[in-house]
*Asks:* 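Once you've had a glance at the structure underneath, I'll fire off some questions.
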Amino acid sequence: MLDYEPLALSAGPYLDLQCDGGPRLMGSECLECGHRLFPVAAVCPNCMSDQLKPLPLSREGKVYSFTVLRQAPPGFDSPSIISYVDLREGVRVFTHLDMLPHQAKCDMVVHLKVVDPKIDKFGRKVLQFKFAPIGGAQ
Amino acid sequence: MRKVSIIGTGMMRFMKRDTVNMVDFAWPVVRSAILEAGVDPKSIGAAYCGSAASGSMPGQRVLKRLGLTGIPISNVEGACSSSAIALRHAALAVATGECDIALAFGVDQLNLAGKTLVHRTEDWDFANGLAMPGLYAMRAQRYMHDYGVTIEQLTKIAVKSKKYGALNPWAHFQQEVTPEQVMNARMVADPFTVLHCCPRSDGASAVVVCASDIAHRFSSKPVQIVASIQRSGKMMTGFRDMTMPESTQRAARELYEQSGLGPEDIDICEVHDAFTVNELLYSDALGFSKPGEAVQLLEDGDFDIGGRIPLNISGGLVSRGHPIGPTGIAQIVEMTYQLQGRGDKRQVEGAKLAMTHVTGGGVAGLDHGAVTIHILGV
């Protein structure tokens, strides 16, 4: 079982960089009820079981929605394109989009891209990945 | 349980008030509610203070100025729902017989609180750069995508809000705007310019409630709390429909079931319009319209004075302002005015049943941390 970090933001628990075939996100799947979620969790919010297994997630997803934050919170680039991206496993990931603002559309297909992390005010690495359009920013 | 009525209201103009201590602007509002009720202050059996950004014990800090101490004072935090929850608890204290008269008020001084309202480091979404305008902007983007709503239509909501705010002496913004001014204002989070967003306000609001069977001793036109509900959003990790706020929809359905009323019975409503698109989202969720059809009510003038369900005739959060803690009771005060015929230039004639709806908070995984809905009647 993975060690649980209350704030699963440091590399490892939610981002598997060593995977064959490229980096991938890691979620959790409950062994009791099958509930799936991102990021990795120590307890199931559906049935309260603490028996969860790591769940490797697809590298490709679909933009459910997005916006261009013209004044992002401290520590993030302005503008930032923030988004909820839906993955085939049935989980939704809050992420940033690596594209130009005019490219962002609901339902567009995007793929995982590891980026240089930001350091938040607590000195932790955040935002180590984004989702990018097939073919890149244009 | 006993029936409960509102017999006194206190309100002030919401605006930037960062040069005085909040206690100094809050106590006159509480005092005016007690004076309007005409109750002996010593007969108030319990007090509830809703506040989200004022630290520990704002209730005691305000009430000690008035000597309203010794009674149970409960401080309630539920983000934007704080004072609506405070009112609910005051009403429950009366309904259960704990006391005959209770006070509920809200206070916050947002302009002296931190810059970022929500910064929860344990929440993935917020730790990675989500902000409340961004969350609602994403709801707007999907609503526009799913239902073909245009930016011009959202702009009409901002224009409507400012039009009615201009009629409300308590409103933070009291100037009308043109669609061009809304469209050309500074962009915050697409599709919202700053005129689609509620301002950061400071202020206080208060009501006195009592058992309905004694209300006529104090008020010639008491307003009854016909129904009240408070819920939290459900933790969901999968594909949530962001165009349908589940906690509001669920709470409204339960409230209608409890009260035997339906959306068609409500004459006027204040919804939690922190951003323009909320009027559409919550009209659908409260059942005033079918999913995706609220924009037709907007276009037909049904959200205006004289329309089917006048919505946020106070100017709403977008124009009256949104100090967080006091917002829920500000809605209650506004609807009390309307039901008592004290709406002045914004009076909706013949309003008998009014609804207030306020959500609360950004907690990732929940559509909202809290939702509180009240139905008031005369």
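Lettering of chains follows the sequences in order, A, B, ..., and the numbering in each one begins at 1.
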*Asks:* Please look at A/Asn46 and chain B and tell me whether the side chain, the backbone, both or neither of the residue comes under 4.5 angstrom of a heavy atom of that chain.
*Replies:* neither
*Asks:* Between A/Thr95, A/Val93, A/Leu87, who has the most heavy-atom pairs with chain B when the cutoff is under 4.5 Å?
*Replies:* A/Leu87
*Asks:* Please identify, among B/Met235, B/Arg240, B/Arg186, the residue contributing the most non-hydrogen atom pairs under 4.5 Å to chain A.
*Replies:*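 That would be B/Arg240.
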*Asks:* Could you tell me whether the side chains of B/Ser51 and B/Asp108 share a donor-acceptor contact shorter than 3.5 Å?
*Replies:* yes
*Asks:* Filter on ring-ring contact (aromatic ring centres under 6.0 Å, His included), then keep only pairs touching residues 51-90 of chain A, sequence neighbours left out; what's left?
*Replies:*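 Matches after skipping sequence neighbours: A/Phe76-A/His96, A/Tyr84-A/Phe94.
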*Asks:* Surrounding CD of B/Glu152 (heavy atoms of other residues, nucleotides or ligands, distance under 6.0 Å), is the total greater than 12?
*Replies:*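 Enclosed: over 12 neighbouring heavy atoms sit under 6.0 Å from CD of B/Glu152.
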*Asks:* Do NZ/NE/NH1/NH2 and the carboxylate oxygens of B/Lys162 and B/Glu176 come within less than 4.0 Å?
*Replies:*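 B/Glu176 and B/Lys162: not salt-bridged.
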*Asks:* Does the distance from a Lys or Arg side-chain N to an Asp or Glu carboxylate O, for A/Arg88 and A/Glu60, drop under 4.0 Å?
*Replies:* no
*Asks:* Using non-hydrogen atoms and a 4.5 Å limit, figure out which bit of A/Val63 sits close to chain B: side chain, backbone, both or neither.
*Replies:*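 Contact with chain B: backbone only.
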*Asks:* Is A/Ser83 close to chain B through its backbone or its side chain, or both, or neither, when contacts mean heavy atoms under 4.5 Å?
*Replies:* backbone
